[in-house]
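Order of the sequence lines sets the chain letters (A, B, ...), proteins ahead of strands, with each chain counted from 1.
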2 protein chains.
Amino acid sequence: MDINKKSSVKTDSKGRKKVINACIEPCAIEKGMRLIGGKWKGSILWHLKDAPVRFNDLTRMLGGASKKMVDQRLKELEAENMIIRKVLSERPVAVTYELTEFGRSALGILDTLRQWSEDHSIAIR
Amino acid sequence: MDINKKSSVKTDSKGRKKVINACIEPCAIEKGMRLIGGKWKGSILWHLKDAPVRFNDLTRMLGGASKKMVDQRLKELEAENMIIRKVLSERPVAVTYELTEFGRSALGILDTLRQWSEDHSIAIR
DNA sequence: CGGTATCCTCTACGATACTG
DNA sequence: CAGTATCGTAGAGGATACCG
């Protein structure tokens with residue numbers, strides 16, 4: 001679905017047309033969620049906060065994510081300009097991923113979320 | 001700041017750093033994401049920030065979400081103690097949803113996310 | 001090591017219709 | 001109005017094997 005759609009026109013059962021305004025603010029929230037939300041993206045970014053990390057190390061850190069998933073998320077994050085993939089050597093193969101400035105700019109949100117989540121861990125479960 | 005307190009970092013023979021147990025913090029992030037992440041949850045909470053909202057109004061506000069989805073998310077949020085469902089009248093049926101204190105405590109994160117998302121809307125696309 | 005390629009299941013989500 | 005019920009599809013995600 002097109003999330004950038006600002007409004008849509010619908011016709012009800014009596015043939016009347018209604019313009020439904022999708023709101024700007026929540027769209028920003030949805031948009032943001034698409035960048036740092038999702039199953040592993042926030043965690044991946046968080047793991048890169050201190051230093052570049054290699055692919056397999058990252059996969060291990062996430063403990064529970066398959067290579068495929070990590071690979072997919074990494075590609076998304078790279079396409080979104082949140083991380084950079086760097087090939088360190090060809091033989092043996094060595095690759096690291098690190099945050100861009102943009103990626104780094106999301107760390108504050110993630111830290112707040114982490115803090116909030118920990119503070120309310122009892123309420124959460 | 002000492003955030004990864006539960007993690008241990010080791011250095012191998014080639015001077016590379018390895019994080020051995022780093023899944024504590026990301027788990028908090030994943031946990032938090034499950035509460036306010038997902039497709040509509042953040043937006044729903046955000047829409048309730050000022051006042052209680054009725055079911056159909058909320059659905060319309062989200063413009064694009066089906067009743068079924070809204071219903072499901074609302075039930076999740078209620079189970080998670082983020083919102084409260086209140087029956088105003090039986091005939092005609094009138095129900096509102098409003099934030100709990102816990103739900104309200106998430107607004108800061110959502111606002112930061114919204115701000116961040118808007119600020120970087122160009123980078124995002 | 002850093003991925004791809006397959007296959008497969010499961011559920012998220014949408015569309016539509018119906019109900020008290 | 002505030003949901004349920006039902007059906008259908010797309011894709012998310014796991015398991016496993018393979019590759020340069």
Side-chain angles (χ1 to χ4, degrees), chain A residues 1-3 5 8-14 16 18 20 22 26 30 33-35 37-44 47-48 52-79 83-98, chain B residues 12-19 30 33-35 37-44 47-48 52-79 83-98:
Chain A
M1 197 194 84
D2 181 15
I3 203 162
K5 185 172 55 180
S8 63
V9 179
K10 288 194 177 179
T11 309
D12 66 13
S13 55
K14 288 163 190 164
R16 289 180 305 215
K18 262 189 176 177
I20 296 169
E30 293 298 325
M33 280 297 179
R34 286 240 299 273
L35 290 184
K39 190 152 191 191
W40 297 108
K41 289 169 91 172
S43 297
I44 289 174
H47 274 303
L48 300 181
V53 181
R54 299 179 63 173
F55 180 84
N56 280 344
D57 289 340
L58 197 50
T59 306
R60 249 173 264 121
M61 286 169 176
L62 294 171
S66 63
K67 284 179 165 191
K68 188 175 130 190
M69 277 306 102
V70 178
D71 184 50
Q72 281 179 11
R73 297 303 141 247
L74 286 173
K75 278 184 174 141
E76 282 178 23
L77 289 168
E78 200 190 358
I83 61 172
I84 297 174
R85 177 180 184 272
K86 285 189 176 166
V87 178
L88 300 188
S89 78
E90 294 287 356
R91 200 164 294 96
V93 185
V95 174
T96 62
Y97 293 89
E98 59 184 274
Chain B
D12 68 11
S13 56
K14 288 166 188 162
R16 290 188 302 229
K17 284 179 183 176
K18 275 192 175 177
V19 180
E30 292 300 323
M33 280 298 179
R34 243 169 277 139
L35 289 184
K39 187 147 192 194
W40 297 108
K41 289 170 89 172
S43 297
I44 290 174
H47 274 303
L48 300 181
V53 180
R54 298 179 63 172
F55 181 82
N56 279 343
D57 289 339
L58 197 51
T59 306
R60 247 172 267 121
M61 286 171 176
L62 294 171
S66 62
K67 284 179 165 193
K68 188 176 130 189
M69 277 307 101
V70 178
D71 185 50
Q72 281 179 11
R73 297 301 142 249
L74 286 172
K75 279 184 174 142
E76 282 178 23
L77 289 168
E78 202 190 355
I83 62 173
I84 296 175
R85 178 181 183 271
K86 284 189 178 168
V87 178
L88 299 188
S89 79
E90 294 287 356
R91 199 166 292 97
V93 185
V95 174
T96 62
Y97 293 89
E98 59 183 274

Check your understanding: Is B:R91 touching bases, backbone alone, or none of the nucleic acid, heavy atoms closer than 4.0 Å?
Key -> nothing
Review point. Is A:Y97 close to A:L48 at the side-chain level, that is, under 4.5 Å between some pair of heavy atoms?
Key: yes
Point to revise | C:dC13 phosphate, OP1 or OP2, under 4.0 Å from B:K67 side-chain N/O | key: no
Check your understanding: Over how many whole Å does the gap from B:E90 atom CD to D:dA2 atom P extend?
Key -> 12 Å
Review point. When rounded to the nearest 0.5 angstrom, what distance separates CD in A:E98 from CD1 in A:I84?
Key: 5.5 Å
Check your understanding: So, is A:S66 near the phosphate of D:dG14, with a side-chain N or O under 4.0 Å from OP1 or OP2?
Key -> yes
Review point. Out of C:dG3, C:dT6, D:dT4, which has the shortest distance to the side chain of B:D71?
Key: D:dT4
Check your understanding: In whole angstrom, what separates A:E30's CD from C:dC13's C1'?
Key -> 13 Å
Check your understanding: Would you say a side-chain N or O of A:R54 is under 4.0 Å from OP1 or OP2 of C:dG2?
Key -> yes
Practice item. Give the nucleotide from the list C:dG2, D:dT4, D:dG13 with an atom nearest to the side chain of A:F55. Key: C:dG2
Exercise for review: Measure from CZ on A:R34 to C1' on C:dC13 and round the result to the nearest Å.
Suggested key: 15 Å
Study note, to complete from the structure: To the nearest angstrom, the CG-P distance between A:L74 and C:dC1 comes to 16 Å
Exercise for review: Taking the side chain as every heavy atom from C-beta outward, state whether A:K41 and A:E76 have any atom pair closer than 4.5 Å.
Suggested key: yes
Check your understanding: Taking CG from A:D57 and P from C:dG3, how many angstroms apart are they, rounded to a whole number?
Key -> 12 Å
Study note, to complete from the structure: Of A:K75, A:R73, A:K68, the one forming a salt bridge (charged side-chain N to carboxylate O under 4.0 Å, His left out) with A:D71 is A:K75
Review point. Between C:dC7, C:dG3, C:dC1, which one does the side chain of A:K68 approach most closely?
Key: C:dC7
Practice item. Among C:dG3, D:dG3, C:dG14, find the nucleotide with the atom closest to the side chain of B:R85. Key: D:dG3
Point to revise | Closest to the B:Y97 side chain, choosing from D:dG3, D:dA5, C:dC1 | key: D:dG3
Exercise for review: Specify the separation, in whole Å, of atom CH2 of A:W40 and atom C1' of D:dG13.
Suggested key: 11 Å
**Study point:** Residue A:V93, side-chain atoms from C-beta onward, closest of D:dG3, C:dC1, D:dG13
**Key:** C:dC1
Review point. Atom CE of B:M69 and atom P of D:dA5: how far apart are they, to the nearest Å?
Key: 14 Å
**Study point:** Under 4.0 angstrom between B:K75 side-chain N/O and D:dT4 OP1 or OP2
**Key:** yes
Review point. Taking only residues two or more places apart in sequence or in another chain, which ones pass side chain to side chain donor-acceptor pair (under 3.5 Å) with B:K67?
Key: none
Review point. Expressed in angstrom and rounded to an integer, what is the separation of A:L88 atom CG from C:dC1 atom C1'?
Key: 12 Å
